[in-house]
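Each ligand, and each atom within it, is numbered from 1 in the order the structure gives.
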Amino acid sequence: MKQVLIERGLWKNGLNADCQLCKDKVDDITRIDCCARRIISLQPDFLAQKSALEEAILHSTGHLCIFYPKFHCELNFIERYWGAAKRYARENCDYSWSSLQRVVPVALESVDTIMIRKFARKAWRYMDLYRNGITGKLAEYAAKKYKSHRCIPDYVLVELNKVE
Ligand SMILES: [Zn+2]
């Protein structure tokens, strides 16, 4: 890493390889030169580098791989589908290996397409709320309350923005 920074004229004497803020993954866009790891991670060619998983998907299928934001399972409808299937499995299984082998496929089938679409619409409502600056408990409330909508109506967004 040091050699790359030297070649690019970015090395400074006394620069540490990494720092606690970077180790703790503290996200702060104003921190650009706290350590060697940070400086190199902000280089355009490093920013453009895709992960091995993304590369493999792109090369083998031509598909793009887009990750959901970390720690936001509410944005991924498959989490709710998985949760519903797990609930079914819990209620219909005696926790033996043979029971699990029998129940898990049935549990996955127990969630119908209509329900999966409801989960997807709820995820869309959260995305819509976040895009409009509404987060936290207010987002949870609105995502639940406006369940007949894929997106939160504009007049509601205006009112919710007044609350925060
Ligand atoms: Zn750092």
Whether the E74 and Y130 side chains hold a donor-acceptor pair (N or O, under 3.5 Å, no angle test) is what I'd like checked. yes

Derivation and outcome, side-chain hydrogen bond (donor to acceptor under 3.5 Å, both in side chains), residues E54 and S51: CA-CA 5 Å; E54 290 170 287; S51 69; 3.0 Å; yes

Should R8 and D45 count as an ion pair when the cut-off is N to O under 4.0 Å? yes

Would a single hydrophobic cluster contain both V103 and V111, if residues Ile, Leu, Val, Met, Phe, Trp and Tyr are joined by side-chain heavy-atom contacts under 4.5 Å? no

Going by atom type alone, with no hydrogens or angles, which donor-acceptor pairs under 3.5 Å involve a side-chain atom of residues 55-62 and a protein atom two or more places apart or on another chain?
residue: E55; atom: OE1; partner: H59; partner atom: NE2; Å: 3.1
residue: S60; atom: OG; partner: A56; partner atom: O; Å: 2.7
residue: T61; atom: OG1; partner: I57; partner atom: O; Å: 2.6
residue: T61; atom: OG1; partner: H63; partner atom: N; Å: 3.0

Just to be careful: counting only protein atoms that are N, O or S, how many fall under 2.8 Å of the Zn ion (ligand 1)? 4

Kindly work out whether a path of hydrophobic side-chain contacts (I/L/V/M/F/W/Y, heavy atoms less than 4.5 Å apart) joins W124 to I116. no

